[in-house]
Amino acid sequence: TSCDKVVHIGDSTAVPLFDASAVGGQSLTLDARYRAVGVDEVYPDNDGARSIVERLGDQANAFEVAENVAANGYDGCWVLMIGTNDAANIAAGSNVSADDRIRAMLDTIGDSPVVWVDAVTQLTDTPYRNASMLDWDQALYRVAADYPNVRVLRWFDKVEPQWFREDGIHYTVEGSAQRAAITAQSLVDFFPG
């Protein structure tokens, strides 16, 4: 990939990707996978319950993380693995639309290369139902089309049912390992060296 640096901003579905025990070994972590495709510097910032707007306690939301990184003059690629909680928050009644959330992130990032991983669950009820994820993804595809520097990794189309844990949101060891491999490969596919 032409991405020599990557800032990775994610939610609880991304946290295990950087943990060797959660993906089946150190060489299978997303950090190792990024390095294997040519990334020299990886800056992961993942937190459970993270969304673009809402905050859990005093943790920074995704927008604040991106704003701080951009304000520090970061010049490199971005991978965004957020949206699951945003989709659920919107389904639960948030008055901040998916379009507004996505545009806020992308406008803060500017012209840097971005891979945004879409959202998917196996649930049929609660705000985390897959229908909420589909609504989010449709907004993501539509808005991203306005930004020539942005590519959407359609994880929704790649994920296998057996890669989900029983909660229908998070991933098994195999699922996390596959997600890490596919995400790193997307940098090569979208932004080749």
Side-chain angles (χ1 to χ4, degrees), residues 1-20 22-23 26-47 50-53 59-86 98-99 101-120 136-137 139-159 171 176-193:
T1 179
S2 58
C3 295
D4 60 343
K5 293 183 283 189
V6 169
V7 163
H8 179 109
I9 302 174
D11 57 26
S12 63
T13 69
V15 170
L17 306 185
F18 293 86
D19 177 354
V23 294
Q26 185 61 43
S27 66
L28 304 178
T29 62
L30 189 47
D31 184 69
R33 298 280 195 173
Y34 281 145
R35 292 179 192 283
V37 298
V39 178
D40 296 323
E41 299 174 47
V42 182
Y43 305 101
D45 195 322
N46 304 293
D47 218 335
R50 173 168 282 157
S51 76
I52 296 168
V53 174
Q59 80 176 26
N61 64 28
F63 178 79
E64 292 164 336
V65 172
E67 196 172 44
N68 287 338
V69 170
N72 284 325
Y74 173 75
D75 181 26
C77 296
W78 300 68
V79 175
L80 304 179
M81 206 171 268
I82 49 176
T84 302
N85 295 308
D86 293 277
D99 288 50
R101 292 166 185 258
I102 295 162
R103 286 188 191 283
M105 284 296 289
L106 296 178
D107 290 345
T108 296
I109 290 169
D111 295 333
S112 297
V114 177
V115 172
W116 197 319
V117 182
D118 68 7
V120 57
W136 169 266
D137 291 347
L140 179 59
Y141 307 150
R142 183 177 60 252
V143 173
D146 293 339
Y147 294 81
N149 58 309
V150 177
R151 305 290 182 273
V152 177
L153 171 53
R154 294 188 181 230
W155 173 243
F156 189 99
D157 296 335
K158 298 178 184 305
V159 68
Y171 300 101
S176 291
Q178 292 287 345
R179 198 169 194 223
I182 290 168
T183 300
Q185 180 60 40
S186 76
L187 291 180
V188 177
D189 296 341
F190 294 140
F191 304 112

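In this text the structure is predicted, and so the values were computed from the model without any measurement.
- How far CG of Leu140 is from CG of Asp99: 10.0 Å, rounded to the nearest 0.5 Å.
- In Asp146, the CG atom is crowded: over 12 heavy atoms of neighbouring residues, nucleotides or ligands sit closer than 6.0 Å.
- Looking only at distances, no side-chain donor or acceptor of Arg50 sits under 3.5 Å from a matching main-chain atom of Ile9.
- When atom types are taken as modelled, the side chain of Asn149 and the backbone of Gly110 share a donor-acceptor pair closer than 3.5 angstrom.
- What you find for Ala180 and Leu17 is that their closest heavy atoms are N-CD2, 4.4 Å.
- Within a 6.0 Å radius of CG in Asp75, no more than 12 heavy atoms belonging to other residues, nucleotides or ligands are found.
- Between Arg151 and Phe191, the closest side-chain pair of non-hydrogen atoms falls below 4.5 Å.
- For the atom pair Asp11 CG and Thr84 OG1, the distance stands at 5.0 Å (nearest 0.5 Å).
- In this structure, Gln185 CD and Asp189 CG are separated by 4.5 Å, a value rounded to the nearest 0.5 Å.
- A donor-acceptor pair under 3.5 Å is formed between the side chain of Asn61 and the backbone N or O of Val53.
- Taken from OG in Ser12 to OH in Tyr171, the straight-line distance is 9.5 Å, to the nearest 0.5 Å.
- Distance OG/Ser51 to CD/Gln59: 8.5 Å, rounded to 0.5 Å.
- The two atoms that bring Asp118 and Arg154 nearest to each other are OD2-CA, 3.3 Å, heavy atoms only.
- Residues Val115 and Thr183 are not in side-chain contact: their nearest non-hydrogen atoms beyond the backbone lie 4.5 Å or more apart.
- The closest side-chain heavy-atom distance from Val7 to Tyr74 is below 4.5 Å.
- The minimum heavy-atom distance linking Ala184 with Val37 is given by the pair O-CG2, 3.8 Å.
- When the side-chain contact (heavy atoms from CB on, under 4.5 Å) test is applied to Ala14, the partners found at least two apart in sequence or on another chain are His8, Asn46, Met81.
- Of the listed residues (Val117, Val23, Val159), just one forms a side-chain contact (heavy atoms from CB on, under 4.5 Å) with Arg179, and that residue is Val117.
- Side-chain contact between Phe63 and Arg101 is absent, with no heavy-atom pair separated by less than 4.5 Å.
- Other residues, nucleotides and ligands contribute over 12 non-hydrogen atoms within 6.0 Å of the NZ atom of Lys5.
- Aromatic ring orientation, Phe18 versus Tyr34: tilted (interplanar angle from 30° to 60°).
- The minimum heavy-atom distance between Trp78 and Ala66, with the atom names listed, is CH2-O, 3.7 Å.
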task = Could you walk me through whether Ile82 and Met105 pass side chain to side chain contact (heavy atoms under 4.5 Å, CB included), step by step?
result = CA-CA 11 Å; Ile82 49 176; Met105 284 296 289; 3.8 Å; yes
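- When the options Leu153, Ile109, Leu106, Val79 are evaluated for a side-chain contact (heavy atoms from CB on, under 4.5 Å) with Trp116, the one that passes is Leu106.
- Remark: Arg33 engages no residue in a side chain to side chain donor-acceptor pair (under 3.5 Å) (not counting sequence neighbours).
- Here the OH atom belonging to Tyr43 is positioned 11.5 Å from the CG atom belonging to Asp31, to the nearest 0.5 angstrom.
- Side-chain contact between Thr1 and Phe190: absent, with no pair of heavy atoms (C-beta onward) separated by less than 4.5 Å.
- For the pair Ile52 and Asp86, the tightest heavy-atom approach, listed with the atom from each and the gap, is N-OD1, 2.9 Å.
- With sequence neighbours left out, Ala22 forms a side-chain contact (heavy atoms from CB on, under 4.5 Å) with Pro16, Asp19.
- The nearest pair of heavy atoms linking Val150 to Ala144 is CG1-CB, 3.8 Å.
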